[in-house]
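Whatever order the structure lists them in is the order used to number ligands and atoms, beginning at 1. Counting from 1, the numbers follow the sequence of the chain as shown. The analysis underlying the following values was restricted to heavy atoms, covering all of them including side chains, and did not include hydrogens, waters or symmetry mates. Only a predicted model underlies this, so the values are computations on that prediction, with no experimental measurement involved.
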Amino acid sequence: MNILNIIEKKRDKKILTKEEIEYFVKGYTNGEVADYQAAALIMAIFLNGMTDQETTDLTLAMANSGDILDLSTLGGIIVDKHSTGGVGDKVSLILLPIISSLGVKVAKMSGRGLGFTGGTIDKLESIPGYKTEISEKEFMQNVKEIGISIISQTKNLAPADKKIYALRDTISCVESIPLIASSIMSKKIASGAQKIVLDVTVGKGAFMNNISDARKLANTMIDIGKLANRETICVLTDMDEPLGYNVGNLLEVIEVVKFLKGEMPEDVKQVVLTLGSYMIKLAGKGDNLEENQNKMLENIKNGKALEKFKQLVEKQGGKKSSIDNIENMPMARFIEPIYSLKSGYISKINALEVGKIACELGAGRVKKEDNIDFQAGIILNKKVSDYIEKGQVLAYIYTNKSEAIENAKSQYLNNVEIQNEKIENNKTILEIIK
Ligand code: URA
């Protein structure tokens, strides 16, 4: 077998065999296939697509490129959750402690942000002392002891995905259904999930910009799940405007803590309760979705969910007191309001552009090796469908880079639309596909 023939086949819109896909994945992971050859093949896949069989073969080859975690010693059914990415998406950090406080075991490996989307691991690292890179043994021990652990993906978990994902990001090949589906499902399979709930985001701040592509992506992942014997449910959620009010690592953790104390923005609440109710169901802890949602709300009200979050932080090296005092943590040096230039109802806040502005303020990586400024980001003061008077605050910029402020302000104003008629806020939960 030869990589040139494989590239040529995909370039000419032919179907690759399982052996050819495995040859590429193995060769690229161990360095025998060069970056430029992998880039050519990935671009050919991006342009010409893959059959369902090819996508499944790619997923399994990537899952098998490293360790496959065995979570069976934890007991119970381990349900994993993954989002296809978004802006202000702090759902994992809210949802996982809540369901853990209800007795659903959480053993979660998360990723970092790249490009305009944030990542759970960067958010957790904004909590002083929180260690995201602990050994697999300690990870399992923490789940056994307190029912939850959230860590960074270990080095040898789906290493092929790590390489291919980083490559895709540098050659503009992220928004491809077979490539996203195989990337996500390979990680889920390798990290030992028995059942999977996926948040498939749709809109400006998501990789799928319209509902029909999101449906295709969801169905592809569900089919892979079936073949791999991992029941998978997809919740399609709106990502046209940022989720919640806070965008940026520490700012999002502050919103997480507020949520767990009962201050729940409606869009975040809908996503958390919907995904959570399915996770509880798949874990075998309650068949009635409405009851599951009520149980989640109850554990927010009685403080058990917040207590679980604090336990998680303490177990992984942080201090409970840092969560109690999260709003008193040192903030960015510059906190600048953005004033509205006109009065009316907000009809659009472009999540993609808000994500990019947050990156420029220091909240995200422009390049993979960039450092993140945990304090940087944006707090929205108004969301879509809210009324605003000219001169009122639309949002606040948080940054330590004074030189980035003026550009951020004008970019934000360019990406908010205001009109005379009130628009009904769109639904956040668009569809559920099983
Ligand atoms: N999230 C992933 O893990 N992989 C993708 O390709 C896109 C989003």
Lys427 NZ: over 12 foreign heavy atoms closer than 6.0 Å: no

Any N or O of Ser83 closer than 3.5 Å to N or O of ligand 1: no

Side chain, backbone, both or neither: the part of Thr84 lying under 4.0 Å from ligand 1 by heavy atom: backbone

Per-atom contacts of ligand 1 with His82, taking only distances under 4.0 Å to non-hydrogen atoms: 1 (N), 2 (C), 3 (O)

Set of residues satisfying salt bridge (Lys or Arg N to Asp or Glu O under 4.0 Å) with respect to Glu291, sequence neighbours excluded: none

More than 12 heavy atoms of other groups within 6.0 Å of Lys409 NZ: yes

Ring-face cation contact, Tyr245 with Lys382, 6.0 Å cut, 45° max: no

Protein contact of atom 5 (C) of ligand 1 - nearest heavy atom, named by residue and atom, plus distance: Tyr165 CE1, 3.1 Å

Residues which pass side chain to side chain donor-acceptor pair (under 3.5 Å) with Ser149, listed by chain and number, not counting sequence neighbours: Gln316

Shortest protein heavy-atom distance from atom 4 (N) of ligand 1, along with the residue and atom involved: Ser183 OG, 2.7 Å

Candidate with minimal heavy-atom separation from atom 3 (O) of ligand 1, of Met208, Gln153, Lys187: Lys187

